[in-house]
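All remarks here apply to the structure that follows.
Order of the sequence lines sets the chain letters (A, B, ...), proteins ahead of strands, with each chain counted from 1.
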Amino acid sequence: MSACLWAGVLTGQTTVSGYLTDAASGEALLAANVMELRTGQGAVANEYGFYSLTLPRRDSLRLRFSYIGYGSRDTLILQPPATLAIDLGLQSAAELETVVVTSNQGERIEQRTQMSTVEIPVAQIKRVPALLGEVDVLKTLQLLPGVQSGGEGATGLYVRGGSPDQNLVLLDGVPIYNVSHLLGVFSIFNADALRNVTLTKGGFPARYGGRLSSVLSINMKEGNLNEWEGEGSLGLISSKLTLSGPLRKGRTSVLLSGRRTYADLIAAPLLKRTAGPGTETDLGLYFYDLNAKLQHKVNDRHRLFLSFYNGSDVFRTEISEETETYGGGTNWGNLISAARWNWQVGPKLFVNTTATYSRYRIEINSLSANGEDEFRARYFSGINDLGGKMDFDYVPNPNHYLRFGTGFTHHTYHPGAVSLLNRAEDAVDLDTLIGSSSTSAAEVYAYLEDDISLGALKVNVGLHLSGFAVDGEFYSSLQPRLGLRYLVRDDWSVKASYSRMQQYINLLASESLSLPTDLWVPTTAQVRPQQSWQVAVGAAKTYRSAYEVSLEAFYKKMNNVLSFREGASFLLGLESDWQTKVTQGRGEAYGAEFFVQKKEGRLTGWVGYTLSWNNRQFEELNGGRAFPFRYDRRHDLSVVGNYDFSERIGLSGAFVYGTGNAVTLPIYTYTTVNPQAGTHWSNNYYPDRIETSTEKNSFRMTNYHRLDLSVSFRKKKRWGERSWVISVYNAYWHRNPYYMEVGPEWVCTEDSNGGTSCGYGDRLVVSEVSILPIIPSVAYTFKF
Amino acid sequence: MSRLSAVLTMTLLVISACGDDPFRQVVDIELPNHDPAPAISVELVAGDSIVRHSVARSYGTQDERTEEELHYEMVLYRDDAEVLRHGGTTQDFTDPSTNPSNLVLPAPVDSMPARYRIEVNIPGLGSASSEEMMPTRPNARVVRFEREGALSPDGERVDALSLEISDPPGPGNYYAVAVGYRGLGATRCFNNQGVITCDSTYADFSLIAQTPNPLVRDLGYAYAMGLSDASFDGQDYQLEVQFSSAEASENASLFVEVFSLTEAAFRYLVSKEAFDRARGNPFAEPVTVTNNIDGGYGYFIVANRRRLMLE
């Protein structure tokens with residue numbers, strides 16, 4: 001512990017402030033707890049580890065510093081001055097070689113004002129059984145109550161009735177637009193590079209805005225300031241490596257993390273072998289992620305951070321024969337970067353200034369060349385953001401924690417365009433660009449919030465103001481936020497919240513599939529901003545110091561939600577504007593969530609259950625009648641457990657169950673004749689068969705359920721630790737539907753010759769197609 | 001570990017080999033029992049001397065389709081007065097060459113507002129009916145027409161047309177705009193004792209048109225561009241249209257036809273066009289085709305029109 005006594009003016013108060021970090025690595029401990037033991041007054045560290053606690057001046061102070069999974073530290077300070085700076089490093093329980101379970105390690109769930117928030121430790125995420133052994137942050141979040149997946153294999157989050165574009169996903173404070181690899185099977189987040197993951201589903205503090213349904217804040221590790229360390233894994237589908245260490249001990253650190261799949265490295269030789277002599281082949285079939293972060297402590301008051309992420313999916317084939325070359329492919333990915341400056345202005349004031357850049361791009365291309373003839377087509381779309389923000393934390397006294405700030409983002413949208421090049425010997429050359437031109441928009445916001453302590457009652461009240469300028473239009477919104485917590489007893493509390501949200505960006509996506517060709521488009525003069533308001537009530541309690549239990553009920557109303565018009569496809573016709581393909585309407589979601597979590601001990605994990613309803617209404621759809629949203633999941637249950645038999649062997653399991661997605665099926669068919677607009681000269685007669693339904697989304701897919709299991713064998717080595725992780729996804733191979741289709745029945749009948757003839761009959765049958773069977777996998781992980 | 005890997009691999013291979021298609025299964029979805037009902041399609045356009053129709057029966061999508069012949073009787077009323085009565089069988093429509101859908105009216109359809117009602121009875125199946133008001137004749141004029149006076153999004157020279165529609169006050173007016181030309185339809189020649197006589201008929205042909213106007217909906221081949229008066233109720237509205245008349249001969253007469261549609265007709269045409277576009281596309285949003293037939297399915301389109309010559 002290093003303590004630095006500052007000379008200060010004698011007042012009736014003492015302000016203790018500083019940073020709480022991991023003693024080994026120097027990483028900041030978000031939400032670490034500081035408490036004065038005699039008065040019970042306390043403070044919580046912010047996401048940069050900064051805390052500030054102002055107390056009545058006394059002869060002595062007894063402070064306890066604590067954080068979940070770490071040993072707590074008690075400090076006695078005699079004759080404390082007016083201001084006191086204490087930077088403290090806490091040792092993790094693993095390093096202490098004893099598991100210390102105390103009753104107040106970190107702020108307990110019933111003490112927190114913020115409701116509808118879940119923080120899952122990254123260590124716990126890494127233990128959840130994973131598809132092909134690939135630990136996935138978003139897949140783990142889908143196991144929480146109130147959070148649903150879009151379907152088999154998809155990483156999209158549907159939070160309390162919202163759609164994936166209504167989630168604000170922040171990586172080190174920078175918004176990310178596409179969070180999936182491999183068409184939604186994996187997320188872009190490499191868990192080895194992450195420090196903490198926090199999901200807020202409601203009761204949004206005023207500092208957040210721009211999305212209706214959730215805020216997913218993911219922070220990268222900052223780098224080990226004291227010594228070099230690393231971890232990695234080798235799996236069936238991908239491998240990854242993370243290195244972190246000091247460039248200048250105690251001052252400057254760097255973190256580098258990379259992950260790549262290698263299906264193409266295996267398939268490329270096979271493709272070459274089958275291609276034949278004289279044929280050149282080029283195959284790209286992989287995705288990768290690169291994370292990098294640089295941290296520099298200028299002095300005790302100033303810190304600088306640079307973070308960077310680049311990830312991409314590549315699907316590409318090109319075959320060159322003697323005179324002909326053909327091929328095609330698609331690639332999509334994100335690039336984000338952020339520069340951050342932390343400034344502790346004084347013992348009570350902390351400022352964070354961030355400049356951000358985010359880019360998402362997708363490209364689909366096709367090539368065919370034969371001698372002098374050449375044809376190239378390239379479809380591309382994307383979004384670029386350039387922004388900055390300043391956030392202030394001001395703690396004037398123990399009863400108030402003020403946050404205020406402002407931000408600005410310049411958006412550039414490229415909704416989709418095709419470039420065509422066609423050169424042929426017997427035709428006119430074509431070289432043109434077709435499709436939507438780019439659109440620029442500017443978004444600004446400001447907020448003010450206060451966490452007020454009034455004894456057993458804590459109130460978080462705030463205001464978020466936002467504005468958006470696009471296409472000569474300016475939209476603005478004043479969004480009040482309120483959160484209440486009343487501590488009924490030391491170990492349980494009741495909570496309530498209200499929040500109003502507005503968002504200026506939309507994702508045009510098929511309800512059937514999550515695809516990288518989903519388009520991010522802005523609010524325009526024609527498409528109005530989405531809006532919502534949400535109320536939630538709940539109770540929270542800690543049982544036996546180990547089990548956190550919460551029960552919440554919520555109601556959410558949404559306006560101007562977007563949907564494709566009937567018959568529209570994500571493959572937008574480039575001859576018309578995307579705005580002509582969509583319609584706006586209303587949404588309503590309500591339900592109850594039950595959650596119990598155990599974070600420490602041999603057995604850890606959680607059980608989450610959600611009972612909810614989720615409806616939509618559009619004037620242009622379903623005859624204007626309300627209908628269930630596709631992801632209206634009446635029941636959603638998740639049970640996740642990790643058990644350590646010993647230091648060397650651990651077992652993990654996850655079981656999920658959910659009501660099937662709502663779908664529209666044609667229930668009747670008839671023959672009609674196409675209208676002719678009175679062209680009576682025409683003798684043409686065009687019979688046509690129509691299959692249709694009466695109500696949208698009035699049927700359900702088969703209920704979804706799945707069991708995943710994994711066992712890990714750990715061993716400490718001289719150089720560190722290694723593990724073999726054997727897992728099985730979908731252990732009893734339930735055919736969970738990916739999509740449904742209706743088509744003619746395949747019928748085989750005996751013919752007159754005694755043989756069998758088969759063909760499509762008239763009768764239509766419903767088939768479900770699943771994609772992920774039982775999938776065992778093995779991975780080798782190491783840490784040094 | 002190598003033994004374990006081998007066992008796992010073999011297990012996966014064996015399991016995945018089970019069954020014809022381990023990733024697809026036919027499921028029993030409890031679709032509601034479908035009560036078959038008449039499916040009728042009737043189209044009545046002011047100025048026409050025929051009414052187009054078809055009659056069929058509906059089936060549940062999982063029902064066996066039977067090739068039964070059903071007799072039907074159809075009656076068309078105008079302001080409660082019988083205009084047309086026709087009987088036939090559903091089998092008539094299985095042979096397109098006989099052109100079964102056109103029924104000749106005693107007089108052309110009047111463009112004055114009137115209440116039209118259609119009733120179809122299929123013994124053993126049931127009755128269906130529909131009633132619609134003839135919309136008022138659209139008020140429109142050509143503001144500007146210029147051959148090759150515009151550039152298409154592809155960069156080609158196309159004809160430019162500015163059309164002004166004057167909408168009467170009161171919501172719920174729906175329009176369709178189609179472009180065509182009247183030209184030589186067919187020429188038939190006869191040889192009468194060495195004297196050859198040719199008889200030519202003129203017919204209307206459609207031209208494919210487009211518009212940059214985002215409010216316009218696609219109504220399909222016949223009615224082309226659809227428009228609701230929601231954004232210009234009671235006002236004049238100017239619509240820009242582009243088309244190519246290159247296929248029309250020099251003697252052809254270009255025209256634009258403006259239709260007034262009922263709301264039911266407009267909704268049917270929009271949903272039917274969406275259904276046609278979505279056909280066979282697994283990524284398209286599902287479409288519910290609307291219908292305005294009581295006791296059955298299909299459509300009863302009643303439309304008024306005004307033809308404006310362009311040259």
In this structure, which one of B/Thr61, B/Val287, B/Asn291, B/Thr288 forms a side-chain contact (heavy atoms from CB on, under 4.5 Å) with A/Thr692?
B/Thr288
CG of B/Leu215 to CD of A/Gln579, rounded to nearest 0.5 Å, is 10.5 Å
Are the side chains of A/Thr669 and B/Ser58 in contact, using a 4.5 Å heavy-atom criterion?
no
Residue B/Ile208 excluded, over 12 heavy atoms near CD1 under 6.0 Å:
no
Check whether any side-chain N or O of B/Ser54 sits under 3.5 Å from a backbone N or O of A/Thr672 as a donor-acceptor pair, and report yes or no.
no
Got a sec: does the CZ of A/Arg528 have more than 12 other heavy atoms crowding it under 6.0 Å?
no
Separation of A/Glu691 CD from B/Tyr59 OH (nearest 0.5 Å):
13.5 Å
So, the part of B/Arg57 with a heavy atom under 4.5 Å from chain A: the answer is backbone
As a quick check of understanding, evaluate salt bridge (charged side-chain N to carboxylate O under 4.0 Å, His left out) for A/Glu620 and B/Arg217, giving each step before the final call.
CA-CA 12 Å; A/Glu620 292 189 36; B/Arg217 306 296 298 275; 3.3 Å; yes
Shortest non-hydrogen contact from B/Ala222 toward A/Pro675:
CB-O, 3.5 Å
With only heavy atoms counted, which part of B/Ile40 is less than 4.5 Å from chain A, the side chain, the backbone, both or neither?
neither
Test log, rule side chain to side chain contact (heavy atoms under 4.5 Å, CB included), inputs B/Tyr299 and A/Val673:
CA-CA 10 Å; B/Tyr299 64 82; A/Val673 60; 3.9 Å; yes
Indicate, with yes or no, if the rings of A/Tyr668 and B/Tyr297 have centres closer together than 6.0 Å.
yes
Find out whether A/Asp688 and B/Arg279 are in side-chain contact, i.e. whether some heavy atom of one side chain is under 4.5 Å from a heavy atom of the other.
yes
Are side-chain heavy atoms of B/Phe275 and A/Glu566 found at a separation under 4.5 Å?
no
Does B/Val270 reach the side chain of A/Arg565, with side-chain heavy atoms less than 4.5 Å apart?
no
